[in-house]
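These notes are about the structure you will find just below.
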Amino acid sequence: MSDLLQQGRGAARNGFATILGTNEIASAVAVELHRGGYGVVLSHDPVPPVIRRKMAFHDALYEDDVRVDGVRAVRADTGVDVRKGLLRGDVLVTTLGLLDLIVLGPIELLVDARMNKYQVTPDLRRLARLTIGLGPGFGGGTNCDLAIETRPGKEGQVIQRGPTDEPDHIPRDLGGVTSERFVHSSVPGRWHTAIEIGTRVYKDFHIGFLGNEPIRAPFDGVVRGVVRDGTEVPAGVKLLEIDPRGRGADWTGLDARALVIAKAVSRALTFRGARLTEAAPNPHLVK
């Protein structure tokens with residue numbers, strides 16, 4: 001892959017980077033790495049579903065014209081599509097898993113940005129020359145080469161040895177509101193909504209249906225995030241987010257917290273203590 005990348009007009013001078021996840025944090029990291037000279041592929045994972053889709057490359061999977069901070073992403077369905085897209089210098093979004101991507105050639109950088117806070121975290125080491133895990137479940141030198149803290153108030157700290165903080169179930173404050181701004185799925189089911197991100201809504205406004213269950217806005221505000229219509233969701237995940245700040249609400253561009261974390265990924269690349277390992281087959285591959 002490295003030789004192939006050098007042949008195209010959009011050649012990536014720093015090689016091939018894979019990001020697990022298509023959410024707003026994964027997308028901010030993708031923008032940062034793309035601008036830093038990497039060929040970037042984001043690998044989608046369905047859990048948890050993406051809600052802040054106007055801040056993310058996620059909807060490129062549905063062939064929407066998606067741009068984050070002026071950077072456009074395109075869908076790649078096959079390994080051939082990935083190769084061609086990297087040669088063009090595109091940021092790519094795919095449903096191909098890591099097992100599919102790793103056979104294309106050595107991965108220089110692997111970043112797990114799926115934010116699966118409550119699931120078993122895989123050991124990423126030796127799957128790329130440098131592996132970085134974002135958020136709870138990761139530990140520098142334990143299941144990744146470097147870990148980056150994502151907890152509000154501590155986000156962006158690079159951890160070379162030891163774990164990140166455990167989740168505390170308390171989202172960062174936004175307009176004086178924390179966890180109340182999210183609505184979670186109480187049961188698994190197919191989600192349906194006709195409401196667009198950026199829509200002004202009021203308390204108890206009908207946002208959509210999870211199966212036959214109506215889902216309503218918890219208070220007045222602007223829809224900052226919502227799961228894409230038609231998505232099958234498990235129980236216990238975020239369906240939507242309401243921003244209470246009125247005219248001060250934001251739902252597009254780079255999320256401020258995500259940008260801090262993305263900058264930390266770039267900073268981590270310069271750490272002298274970063275352990276670069278040779279990419280090699282590993283039985284603990286993740287999707």
Task: Stepwise side-chain contact (heavy atoms from CB on, under 4.5 Å) test for Ile51 and Val183 - done: CA-CA 11 Å; Ile51 62 171; Val183 176; over 6 Å; no
Notebook entry, point to check: Do Asp229 and Thr193 get their side chains close enough for a donor-acceptor pair, meaning under 3.5 Å?
Noted result: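 No, Thr193 and Asp229 have no side-chain donor paired with an acceptor closer than 3.5 Å.
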Test of understanding: with side-chain hydrogen bond (donor to acceptor under 3.5 Å, both in side chains), list the residues that count as partners of [X], not counting sequence neighbours.
X	value
Asp173	none
Arg72	Asp65
Arg228	Asp59, Asp64

Would Asp69 and Leu259 count as a side-chain contact (heavy atoms from CB on, under 4.5 Å) if you check the C-alpha gap in whole Å, the side-chain angles of each, and the deciding distance to 0.1 Å? CA-CA 11 Å; Asp69 202 37; Leu259 180 58; over 6 Å; no
Strictly by ring-ring contact (aromatic ring centres under 6.0 Å, His included), give each pair with a member in residues 150-195 just once, sequence neighbours left out.
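Sorted pair list: Tyr118-His169.
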Do the non-hydrogen side-chain atoms of [X] and [Y] ever get within less than 4.5 Å of each other?
X	Y	value
Val226	Arg53	yes
Arg125	Asp145	yes
Glu32	Val265	no
Arg35	Val71	yes

Can you give me the closest heavy-atom contact between [X] and [Y], atom names plus distance?
X	Y	result
His206	Ile215	CD2-O, 3.5 Å
Pro49	Lys238	CG-O, 4.2 Å
Gly156	Ala264	O-CB, 3.3 Å
Leu210	Val187	CD2-O, 3.2 Å
Ala17	Tyr38	CB-CD2, 3.9 Å
Phe138	Pro122	CE2-O, 4.1 Å

*Side-chain (Ser179) to main-chain (Ile170) donor-acceptor, under 3.5 angstrom*: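 Not at all, since once roles are kept as given, no pair shorter than 3.5 Å links the two residues.
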Is a side-chain donor or acceptor of Glu149 paired with a backbone partner of Ile159 at a separation under 3.5 angstrom?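 Judged by distance alone, no pair lies under 3.5 Å.
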Are [Y] and [X] linked, directly or through intermediate hydrophobic residues, by side-chain heavy-atom contacts shorter than 4.5 Å (ILVMFWY only)?
X	Y	value
Phe57	Val29	yes
Ile197	Val93	no
Leu146	Ile261	yes
Phe205	Val227	yes
Ile242	Val50	no

Open item on the list: One pair to check against side-chain contact (heavy atoms from CB on, under 4.5 Å): Leu130 and Glu108. What are the steps and the verdict?
Closed with: CA-CA 6 Å; Leu130 178 65; Glu108 295 293 321; over 6 Å; no
Walk me through whether Cys144 and Asp112 qualify under side-chain contact (heavy atoms from CB on, under 4.5 Å). CA-CA 9 Å; Cys144 58; Asp112 193 329; over 6 Å; no
Residue pairs fulfilling side-chain hydrogen bond (donor to acceptor under 3.5 Å, both in side chains) with at least one residue in residues 207-218, sequence neighbours excluded =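 Matches after skipping sequence neighbours: Ser186-Glu213.
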Can you give each donor-acceptor pair under 3.5 Å made by side-chain atoms of residues 217-224, sequence neighbours left out, with the distance rounded to 0.1 Å?
| residue | atom | partner | partner atom | Å |
| --- | --- | --- | --- | --- |
| Asp220 | OD1 | Lys203 | N | 2.7 |
| Arg224 | NE | Asp250 | O | 2.9 |
| Arg224 | NH1 | Glu241 | OE2 | 3.3 |
| Arg224 | NH2 | Asp255 | OD1 | 3.0 |

